[in-house]
Protein chains: 2
Amino acid sequence: MARIKTDINVSRKEVIVAKAAILFREKGFKAASMRDLAESVGVEAASLYNHIKSKTELLHELCFGVANRFMQKMEEVEQEKIPAVGKVEKLLRFHINEMVHHYEEVYVSDREWKHLSDPYLSNFQNQRRIYRKRFATIIEAGIRAAEIEPIDAPTAVLIFLHAISGIESWHRSKQKISAEELENNMITILVDGLYPRK
Amino acid sequence: MARIKTDINVSRKEVIVAKAAILFREKGFKAASMRDLAESVGVEAASLYNHIKSKTELLHELCFGVANRFMQKMEEVEQEKIPAVGKVEKLLRFHINEMVHHYEEVYVSDREWKHLSDPYLSNFQNQRRIYRKRFATIIEAGIRAAEIEPIDAPTAVLIFLHAISGIESWHRSKQKISAEELENNMITILVDGLYPRK
DNA sequence: ATTTGTCGCTAACGTATGTTAGTTTGTTAT
DNA sequence: ATAACAAACTAACATACGTTAGCGACAAAT
């Protein structure tokens, strides 16, 4: 009988959630079966239910885990006393780092949240909307302070967030540039368009 | 017995494919069932098979329909005798317009191609890779001609393409700006970062 | 050594899915 | 009007899925 191996301070549930992230990322939530997951954990499908309540619970864990980290960072950045462009840059660097180092979870949270069911679904959508609003507010403050080129802030947010989710392709690509190069390139391209033209 | 309504010059298969695009977009390919599709077409599930070979065929049609349009535009733009930034802008405007006016198909092609099966899958992935390479080549030519800020071209392409797929959120949003405003905003943000700083 | 609780197993259930076979209805052409 | 074809229907199939029940095996605590 093959037990789920756990490092110290890592519950079996966390092991399952982590494997689920990998699987959901590569097949999609619907296409990934509990039997697939079981195999990748090294156990029979039914055994998973000793640790989790349902397949959807796995998605909850992933989505809200990610959402909470982003919200917390937003809180932190908002309170700093620095120019708006600096705040934007900090948020972008955070996004990029999350995407690079917690690829699977972030990706799944971004693409598969549709399969959440109420009340989690509405809750998640709400959090997303609020996050974007707060991001846009930062940009708008920067525009009013003439630190940022006058652009439509919601559009900018939309571009930023989706641009970063493109790191997915970077992960897949054969000839990768380094993570730092990637980060700095992205910041250059995204942020340099913000400064007002002289 | 309720026949599938067709306008003149529109085959029943095309009607089905179009409805499939809407359905695949809102539920995802795997989660959308043939019975769902049948209902949205106004017919029994089995009847669909008088017009199509399989569920996957619908995905083929959508993915390659979109891919071919993009490839054709690439061909067209490559041959124009204009500066590189102009080419980039033309491609971006095309992308934006496709995303705005053929939302469902483009979105599905972008997010659900993973569920294609070989040989279509490899074929599609190839086309994507080639398209991106050609896009990057244009940017690199612009950099050599000092028309474009020296940046990592593949990263720029990745940002551009994903940024545009963010129009998905625009479609969903309540307080939409107009399509032209959206287009111009996106071009401003994305293209203005390209010009060399004076 | 015995108890107790955790964890994994086998077996199975009910449901949903893509698809096929065979038949009937409706349309078009002679 | 009738033959011929297209397109819809009903019924059913095999399979895959999420999940539950009940039992046995191992580990930790007494």
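Chain identifiers are assigned alphabetically (A, B, ...) following the order of the sequence lines, protein sequences preceding nucleic acid strands; residue numbering begins at 1 within each chain.
The separation between B:Glu57 atom CD and C:dG18 atom P is 15 Å, rounded to whole Å. Atom CD in A:Glu39 sits roughly 12 Å away from atom P in C:dC9 (whole-Å rounding). Following rounding to the nearest Å, A:Ile16 (CD1) and D:dT19 (P) show an atom-to-atom distance of 13 Å. Protein atom NZ of A:Lys27 is 12 Å distant from nucleotide atom C1' of D:dA16, rounded to whole Å. The CG-C1' distance, from A:Leu37 to D:dA16, rounds to 16 Å in whole Å. If you measure from atom CD of A:Glu44 to atom P of D:dC17, you get 14 Å, rounded to the nearest angstrom.
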Less than 3.5 Å apart, which donor and acceptor atoms pair up between the side chains of residues 102-112 of chain A and the rest of the protein, not counting sequence neighbours?
unit_1	atom_1	unit_2	atom_2	d
A:Tyr107	OH	B:Lys114	NZ	3.3
A:Glu112	OE1	A:Phe29	N	3.2
A:Glu112	OE1	A:His115	ND1	3.4

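Closest to the side chain of A:Ala46, out of C:dT10, C:dT20, C:dG8, is C:dT10. The side chain of A:Tyr49 approaches D:dT20 more closely than any other nucleotide in the set D:dT20, D:dC9, C:dG8. For A:Asn50, whose side chain is taken as the heavy atoms from C-beta onward, the closest listed nucleotide among D:dT20, C:dG8, C:dC9 is C:dG8.
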Practice problem: Using a 4.0 Å heavy-atom cut-off, write out nucleotides 12-17 of chain C from 5' to 3' as B (base contacted by protein), S (sugar-phosphate only) or - (no contact). | Solution: B----B

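At a threshold of 4.0 Å, the pair B:Lys87-B:Glu78 does not count as salt-bridged, since none of the basic side-chain nitrogens sits closer than that to a carboxylate oxygen.
Partners of A:Asn123 by side chain to side chain contact (heavy atoms under 4.5 Å, CB included), not counting sequence neighbours, listed by chain and number: A:Phe64, A:Gln127. In this view, B:Lys133 satisfies the salt bridge (Lys or Arg N to Asp or Glu O under 4.0 Å) rule with no residue, not counting sequence neighbours. Scored by the side chain to side chain contact (heavy atoms under 4.5 Å, CB included) test, A:Ser33 finds A:Arg35, A:Asp36 as partners (sequence neighbours excluded).
Residue pairs meeting the salt bridge (Lys or Arg N to Asp or Glu O under 4.0 Å) criterion with at least one member in residues 57-66 of chain B, sequence neighbours excluded, are B:Lys13-B:Glu57, B:Lys13-B:Glu61, B:Lys53-B:Glu57.
Within the structure, every side-chain polar atom (N or O) of B:His51 is placed at least 4.0 Å from both OP1 and OP2 of D:dA6.
Using a 4.5 Å heavy-atom cutoff, the side chains of B:Arg172 and B:Glu168 are in contact.
Remark on DNA chain D: of its neighbouring residues A:Phe29 and B:Ala45, the 5'-side contact belongs to B:Ala45, judged by nearest-heavy-atom nucleotide.
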